[in-house]
Number of protein chains: 2
Amino acid sequence: MKPKLTLKQIARELDVSVSTVSKALRDSAEISEETRQKIKAFAKLYNYKPNNIALSLKNRKTRTIGIVLPEIVHDFFATVIGGVEQVANKHGYNVIICLSNNSFDREVMNMEMLANGSTDGFILSVAKETQQKEDYHHLEEVINQGMPVVMFDRVVDEIVCDKVIIDDSEGAKKAVQHLIDLNCRKIGIITTVDYVSVGKLRTKGYIEALQKNGMQVDEENILKIEDMERSEEEIIDFIKKRELDGIFAVNEQFGASAVRGLKEKGLEVPKDAVVISFSDGELSKRFIPSLSTISQHGAEMGARAAELLIERLERPVEADERFKTEVIETSLIQRESTLRTKLTSV
Amino acid sequence: MKPKLTLKQIARELDVSVSTVSKALRDSAEISEETRQKIKAFAKLYNYKPNNIALSLKNRKTRTIGIVLPEIVHDFFATVIGGVEQVANKHGYNVIICLSNNSFDREVMNMEMLANGSTDGFILSVAKETQQKEDYHHLEEVINQGMPVVMFDRVVDEIVCDKVIIDDSEGAKKAVQHLIDLNCRKIGIITTVDYVSVGKLRTKGYIEALQKNGMQVDEENILKIEDMERSEEEIIDFIKKRELDGIFAVNEQFGASAVRGLKEKGLEVPKDAVVISFSDGELSKRFIPSLSTISQHGAEMGARAAELLIERLERPVEADERFKTEVIETSLIQRESTLRTKLTSV
DNA sequence: TTGTACGCGTTATCAT
DNA sequence: ATGATAACGCGTACAA
């Protein structure tokens, strides 16, 4: 077992000073060609790699990005991570991931932990509980310390920082309009409780789409899920009670359960009723019928968030203090769950 | 914007020496009650937190675990991360995640990056390409440097280190036996190419289960998928060509596609044919019919891997050099895709 | 009871 | 052309 090689060891071995070694390895013109070659050869032979921690301490930069997420068993967040990772690596950054599990306390803990020198900045989507409590002191604190933060998806309007979002309300409108165009008359929505920002926005889009088409908004057709664990039963129950010919679900899990509810009710999808959902993941693609979705382009959001963060990190000074909110275009991906001609229904 | 507080600043502010501050904050008895209180009050007021990087450099420990994964848009790996995260946090460790995207080069790069001071040890599942090339020098190197490594799921037999696996072959047998118990006579398997260790083992279990029951192994009933992207078409094609009454898929995506193939062929699941798969994720649960699975208990694997790693990190000396291979029990979760009485078939 | 000195690994600056 | 020194932030052995 050979512990990692340090400059000091090389210096001792080659009988030169530490600074000579450092300079030689960085190709400083100060060092004679001869010694430089000797040192570089030695370093290469024994596979010397500078210690990141020491560099971080010296440079006061870690070249590490912290991602804080509510959950990870969720294709959307997983693809976001992929996007961040890719951009980060391209720029020589590492990625630290922490999960809040939708708990406020864990979010605070994680951010404090990472803020103490582990990361140069944050990319985060806030926990459900945080949005509920509306307590954002930990975010303010981190920003106050001069660490850039980029929020995505579940963002907090009150916090001033870069943001990457999709137009949730617009995406929802697209989805509902799609259902209306298929001649749906009684459209239900399966969404989350209102304190989840994106849930609220999608509900808003749903309502606006109905109104724009001169349709009644019936509160009874709106199901707000609080607990993911028990969502399936709740959804099936809801579907069975209501007489709906079109369902808009705010995520693919809800969409899948909606289809199940419809089937149990004896309705065929897409013939008797159609279903569309947000977040285009593995489930939507492999499901039978495959689910039409509003894609959030998670990888793209992650990539964009990483770019924004790195840009800010590498900006020479804090010259530009304007913060951007980037809106990623959603797209409607039609699959089997809404695949029918207009005439089929009515 | 107030930059982070350091010991030095507190010392200057309170007109004492840095070490006095350090000791006071660590409740050293050397410091008088009075100054200790004064310093602690000040630190608390301005929310002093020691800098992790400096601590890492000093202690030559980062209290960070590096996870290297082939992919993340995959419930199995996502749940593993969850398990690691939980245990790590409990012990005050951070988690850095790097994705290899199944590329050998990226795996090597990531590990080198993390090994240069960013982590104390690794938890990893090797990339497909790495298993194909059978080039493990990067693993050996890291281990040689004295960094503990715990491999899980896709492990490498040639590398000596702690491992957390499931008995893939045994799990596959369980699955196939389940199909046989349902009176299936022509059982097919949808698996991965052989160089993926777990795929190979599951194929082995499939074959052994058939043989144990005195059934013929027909190579034509074995489909080996190379490219995940094109898997769905390949699977449907395979199913249509063969006359199978039971399908064992090595992951839930393949399982879902198998059901689709059967349906397109005009067969009903589970009435005319049954399907069971490995890896119990969101897809299996929400799918229609919900998929019977062999659960790999990802969270448990992750948790166990983290425990093994932390144990080794915190062991006083390198006294115990024996390495463990922990086998997590798989369990068969029966759902709709195999829900029928023995008599239904034949 | 408090302060000084040193070291973790690196680099930048300033001698020699 | 090379080396010594200081500094990044912290903790600790030792000195006062």
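Chain identifiers are assigned alphabetically (A, B, ...) following the order of the sequence lines, protein sequences preceding nucleic acid strands; residue numbering begins at 1 within each chain. It should be emphasised that the depicted structure is a prediction, and the values quoted were computed from it without experimental measurement.
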Checklist entry - Is the backbone of Arg63(B) close enough, under 3.5 Å, to the side chain of Asp120(B) for a donor and an acceptor to pair up by distance? => result yes

Item to check | Boundaries of the DNA chain C segment in contact with chain B, non-hydrogen, under 4.0 Å | outcome: dT1(C) to dG9(C)

Item to check | Non-neighbouring partners of Asn47(B) that pass side chain to side chain contact (heavy atoms under 4.5 Å, CB included), sequence neighbours left out | outcome: Glu141(A), Lys49(B)

Give every pair of a protein N or O atom and an N or O atom of nucleotides 12-16 of chain D that lie under 3.5 Å apart, one pair per line with the distance.
from, atom 1, to, atom 2, distance (Å)
dA13(D), N6, Lys23(B), NZ, 3.4

Checklist outcome for this item: The correct set of residues in residues 110-121 of chain B placing a heavy atom under 4.0 Å from DNA chain D is none

Item to check | Separation of atom NZ in Lys38(A) from atom P in dA1(D), rounded to whole Å | outcome: 15 Å

Item to check | Arg26(A) vs Ser28(A), side-chain contact (heavy atoms from CB on, under 4.5 Å): CA-CA, chis, key distance, verdict | outcome: CA-CA 6 Å; Arg26(A) 320 192 90 242; Ser28(A) 161; 5.6 Å; no

Checklist outcome for this item: Sorted by chain and residue number, the salt bridge (Lys or Arg N to Asp or Glu O under 4.0 Å) partners of Glu134(A) (sequence neighbours excluded) come out as none

Checklist entry - Can you name the nearest heavy-atom pair linking Ala88(A) to Ile310(A), along with the distance? => result CA-CD1, 4.2 Å

Item to check | Within residues 40-53 of chain B, residues whose heavy atoms come under 4.0 Å of DNA chain D | outcome: Tyr48(B), Pro50(B), Asn51(B)

Next on the checklist: Can you measure Leu55(A) atom CG to dG9(D) atom P for me and round it to whole angstrom units?
Outcome noted: 15 Å

Checklist outcome for this item: Contacts satisfying ring-ring contact (aromatic ring centres under 6.0 Å, His included) that involve residues 83-117 of chain A (not counting sequence neighbours) are Phe104(A)-His138(A)

Checklist entry - Who pairs with Glu112(A) by side chain to side chain donor-acceptor pair (under 3.5 Å), at least two apart in sequence or on another chain? => result none

Next on the checklist: If you compare all heavy atoms of Ser118(B) against all heavy atoms of Asn52(A), which two are closest, and at what distance to 0.1 Å?
Outcome noted: OG-ND2, 3.4 Å

Item to check | Carboxylate-amine/guanidinium contact Glu311(B) Lys324(B), below 4.0 Å | outcome: yes

Checklist entry - Got a sec, which residues hit ring-ring contact (aromatic ring centres under 6.0 Å, His included) with Phe77(A), two or more places apart in sequence or on another chain? => result His74(A)

Item to check | side-chain contact (heavy atoms from CB on, under 4.5 Å) evaluation trace for Ile96(B) with Thr62(B) | outcome: CA-CA 11 Å; Ile96(B) 293 195; Thr62(B) 62; over 6 Å; no

Checklist outcome for this item: For Met151(A) and Leu139(A) the tightest heavy-atom approach is SD-CD1, 4.3 Å

Checklist entry - Pick the nucleotide of DNA chain C nearest each of Arg36(B) and Leu5(A); which residue has the one closer to the 5' end? => result Arg36(B)

Checklist entry - Rounding to a whole Å, what distance do you find between Lys8(B):NZ and dA6(D):C1'? => result 10 Å

Next on the checklist: Tell me every residue that passes side chain to side chain donor-acceptor pair (under 3.5 Å) with Asp153(A), counting only those two or more places apart in sequence or in another chain.
Outcome noted: none

Checklist entry - Any side-chain heavy atom of Arg36(B) sitting closer than 4.5 Å to one from Lys23(B)? => result no

Item to check | Atom-pair distance (CG on Asp15(A); C1' on dT2(D)), nearest Å | outcome: 12 Å

Checklist entry - Can you name the nearest heavy-atom pair linking Leu114(B) to Thr119(B), along with the distance? => result O-OG1, 3.0 Å

Checklist entry - Does Arg60(A) place a side-chain N or O at less than 4.0 Å from the phosphate oxygens OP1/OP2 of dG9(D)? => result yes

Checklist outcome for this item: Atom CG of Leu57(B) and atom P of dC8(D) are separated, to the nearest Å, by 14 Å

Checklist entry - For the helix from dT1(C)-dA16(D) to dT16(C)-dA1(D), how many degrees between its two end axes (five pairs per end), to the nearest 10°? => result 70°

Item to check | All ring-ring contact (aromatic ring centres under 6.0 Å, His included) counterparts of Tyr46(B), not counting sequence neighbours | outcome: Phe42(B)

Checklist entry - Looking for any heavy atom pair under 4.0 Å, which part of the strands does Ser56(A) touch: base, sugar-phosphate only, or nothing? => result nothing

